[in-house]
Structures are given as C-alpha cells and as structure tokens.
Amino acid sequence: MELKQLQTIKNILNEGSYLKAAEKMGYAPSTITLHIQQLEEELSIKLFEKSGRKMILTKEGEFFWKNAKSLLEHADTFKMVMSNFVSGQIGHIRLGTISTIGRSMLIPKVIDFCKEYSNIKLTFELNSSEIITQKILNNQLDIGIGFAPPTNQNLLFEPICLEPMELLLPIGHPLTKKEKITLNDLSNISLLLTESYCSYRNEIDKHFSSSGIPLKSMIQINDGKTIIQFVQAGIGCSILPVAAIEPVPDMTVRRNLANTDFGLIIGIIRRKEQLDKSSERFYNELFCELKSSHI
C-alpha cells in the first residue's frame, strides 16, 4: 500500500470518475487504473463499482477507506509539519547568554521574536560564558551570547560590542576623593573578585600582571549581585561590568580607572555546522539587531 494509491482513491471519490481524477492529479487514465488494480490485488477486494456515471466504493471499499483515509490525513499533516520545520516556521531554539547583556539587551529582543514566531519552542538560560561555550560544544545549546571562546574549539564567534568594566567603591571610601584613580591606587586595596576561571577575573588579572602591580584579594565570590552587596556594606571594592552596576547601586560610587581600558568583547557563539532553519533565522535576526545597535 502506497500513499499515492490512497491519494488516488481520494481524488476518484471527490471527482466521481477515474478520468477526472487523472486530470486533477496530472496522470494518464491508465495510471489511475493501475493504482486501483494494484491495491485491489494486494487487498484481495474490489474497491470501486459504477453507479450511473459515477464511481463509488463497494461495501468492502467503504470499510477499507473508513480505516485508511486517516493514514492519508496523517501523512498530509506530517508533510505540513515538515514543511514548516524546513522553512523555519516551527522548531526549537536553545539559547544561552551571560547575565549582563542578557538582562539589559537580549531579553527584549527574544520576547519580540517569540511574539512573531509563536510556534517556535524556546529554551533560554542565563549562565557564565564558559558554561555556555561548553554547552554549545556538547550540542546542548544552539546559540550563545558571551566572550570569545578559545580558537582551538572550532566554534564561530561574531563580535558585537565591547563590555566595559569600572571600579565600584562604597560611599565614603578614601579613593572616592581622588580626581583620578589608577591601578597603583588599588595595590593595597582589598578587591572583591570573582573566581579565577571567570572571564571578568581573567581580564582583571591580565591588567594587573602586565602592569607589574600586585593584586590583593581576600574575598572571592562567584556572583556579581553578591559582590555588589559586599561593596554596599563597605567590605571592599570591585571591578565589574558597567551593565551590572548601571544604574549605580545605592551606597556605592562608580569610577573609571585612569589610563586603563578594562573590557571584554561580547559576541554570538555557535557551532560551524548549519543550524536548523528556525535557529538560523533567529541567529541572523539577532546578529543584525545587536550589531546595528552598537555601530
């Protein structure tokens, strides 16, 4: 039994004759006859009989069609689903982003995309750039927003913008009285830092090391919001992404570091292999919007 044979039965019933069914399907009349003969031989029944000028189902044919037409309906539905998947109208997008740009810029764009493509399933998570990169490598995420991955990981990275970092001080700290604050001023200050594997921490370590200035850190915290609370309590100072301290938290002062450009390049991360159509559409739209908003 083949789908084309079921489609032939459907058209004979709709059109009333083999000839008209052949015209509708673009077949020769002999092909329609062959479809029905092959199916009758396979089932050992007679499917059609003539009633006046029309072809109608026999009793056996009616029983067969009552049970078989659902196969054709399911096939039509499946074809439509596959067509929508191939065209990107349905699918599943797995997206990960670092929290700073995720909260400030990405979430509104994701919401707009979901409104426009309501049939596309979305998995969205906030995480560190390192974890996002690993999940993309493991095929657990399709697209990520984060920092440039190591070049040996065979991933694509499209830069979007620079995420600047600035010094956050508690109100009343002696350094708030200085017109300019340099790295040297921080050599004897207790800095609240993220853990050593964090990209932000690596950026800070790089600048202190290249300047030959010792880095004093008595407290390491793996959460930016908690670091801000510690600064507010006067425990110490920190160097954080501007997006994480904008607007400036209560009981704190934000200052730029003179002669030092702290910052990390943020971009879109993906595997080099082709994405499915829905993910590819999201990737292209997201990249264009984020890129244009930072030109």
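In this text, all values refer to a predicted model and were calculated from it rather than measured experimentally.
Two rings, from Tyr18 and Tyr27, have their centers 6.0 Å or more apart.
More than 12 heavy atoms of other shown residues, nucleotides or ligands fall within 6.0 angstrom of atom CG in Asn14. Heavy-atom contacts from other residues, nucleotides or ligands closer than 6.0 Å to CG of Asp261 number 12 or fewer. The local environment of CG in Asn259 is sparse, with at most 12 non-hydrogen atoms from other residues, nucleotides or ligands closer than 6.0 Å.
Inspection of the Arg94 and Asn139 side chains reveals an N or O donor paired with an N or O acceptor under 3.5 Å. Counted by atom type alone, Thr100 and Glu163 present one or more donor-acceptor pairs between their side chains at under 3.5 Å.
Leu72 is listed as a side-chain neighbour of Gln7, based on a closest heavy-atom distance under 4.5 Å. Residues Thr182 and Thr260 are not in side-chain contact: their nearest non-hydrogen atoms beyond the backbone lie 4.5 Å or more apart. In this structure, Ile219 and Ser190 have side chains that are not in contact, with every pair of non-hydrogen atoms separated by 4.5 Å or more. Taking the side chain as every heavy atom from C-beta outward, Thr97 and Leu126 approach each other to under 4.5 Å. In this structure the side chain of Arg201 never reaches within 4.5 angstrom of the side chain of Glu195, judged on heavy atoms. Within the 4.5 Å cutoff, the side chain of Leu257 has heavy atoms near those of the Leu186 side chain. A 4.5 Å side-chain heavy-atom check between Ile189 and His173 finds at least one atom pair inside the cut-off. A heavy-atom distance below 4.5 Å is found between the side chains of Phe48 and Leu13.
Ring planes of Phe113 and Tyr117: tilted class, angle from 30 to 60°. Taking the six-membered ring where the residue is Trp, Phe147 and Tyr200 present perpendicular rings, their angle passing 60° and hence far from 30°.
Of the possible donor and acceptor atoms, none in the side chain of Ser279 sits under 3.5 Å from a partner among the backbone N and O of Asp276. Using modelled atom types, no side-chain atom of Arg270 and backbone atom of Ile136 make a donor-acceptor pair closer than 3.5 Å. With hydrogens and angles ignored, the 3.5 Å screen pairs a side-chain donor or acceptor of Ser210 with a backbone N or O of His207. Between the side chain of Gln232 and the main chain of Asp250, a donor-acceptor pair closer than 3.5 Å is present. No donor-acceptor distance shorter than 3.5 angstrom exists from the side chain of Thr8 to the backbone of His35, with no hydrogens or angles considered. Without hydrogens or angle criteria, Thr58 side chain to Gly61 main chain gives a donor-acceptor distance under 3.5 Å. For the pair Glu40 (side chain) and Leu47 (backbone), a donor-acceptor distance under 3.5 Å is present. No side-chain donor-acceptor contact under 3.5 Å links Arg271 to the backbone of Asn138. Checked by atom type and distance alone, the side chain of Thr33 pairs as donor or acceptor with a backbone atom of Pro29 at under 3.5 Å.
Hydrophobic clustering of Ile, Leu, Val, Met, Phe, Trp and Tyr side chains at less than 4.5 Å, counting indirect connections, keeps Ile228 apart from Met251. Under the 4.5 Å side-chain heavy-atom criterion for grouping Ile, Leu, Val, Met, Phe, Trp and Tyr, Val253 is not connected to Met165 through any hydrophobic cluster. Hydrophobic clustering (ILVMFWY, side-chain heavy atoms < 4.5 Å, transitive): Ile171 and Ile235 are in distinct clusters. Connection of Leu175 to Leu183 is established within a shared hydrophobic cluster, with ILVMFWY side chains joined at heavy-atom distances below 4.5 Å, either directly or through further cluster members. Hydrophobic clustering (ILVMFWY, side-chain heavy atoms < 4.5 Å, transitive): Ile32 and Ile45 are in one cluster.
Here the CG atom belonging to Leu193 is positioned 9.0 Å from the CG atom belonging to Leu240, to the nearest 0.5 angstrom. Distance check: Leu156 CG to Ile268 CD1 gives 11.0 Å after rounding to the nearest 0.5 Å. Separating the CD1 atom in Ile204 from the OG atom in Ser196 is a distance of 12.0 Å, to the nearest 0.5 Å.
For the side-chain contact (heavy atoms from CB on, under 4.5 Å) with Ile93, the lone residue among Val110, Leu286, Leu122 that qualifies is Leu122.
A salt bridge links Glu203 with Lys206; the closest basic N to acidic carboxylate O contact falls under 4.0 Å.
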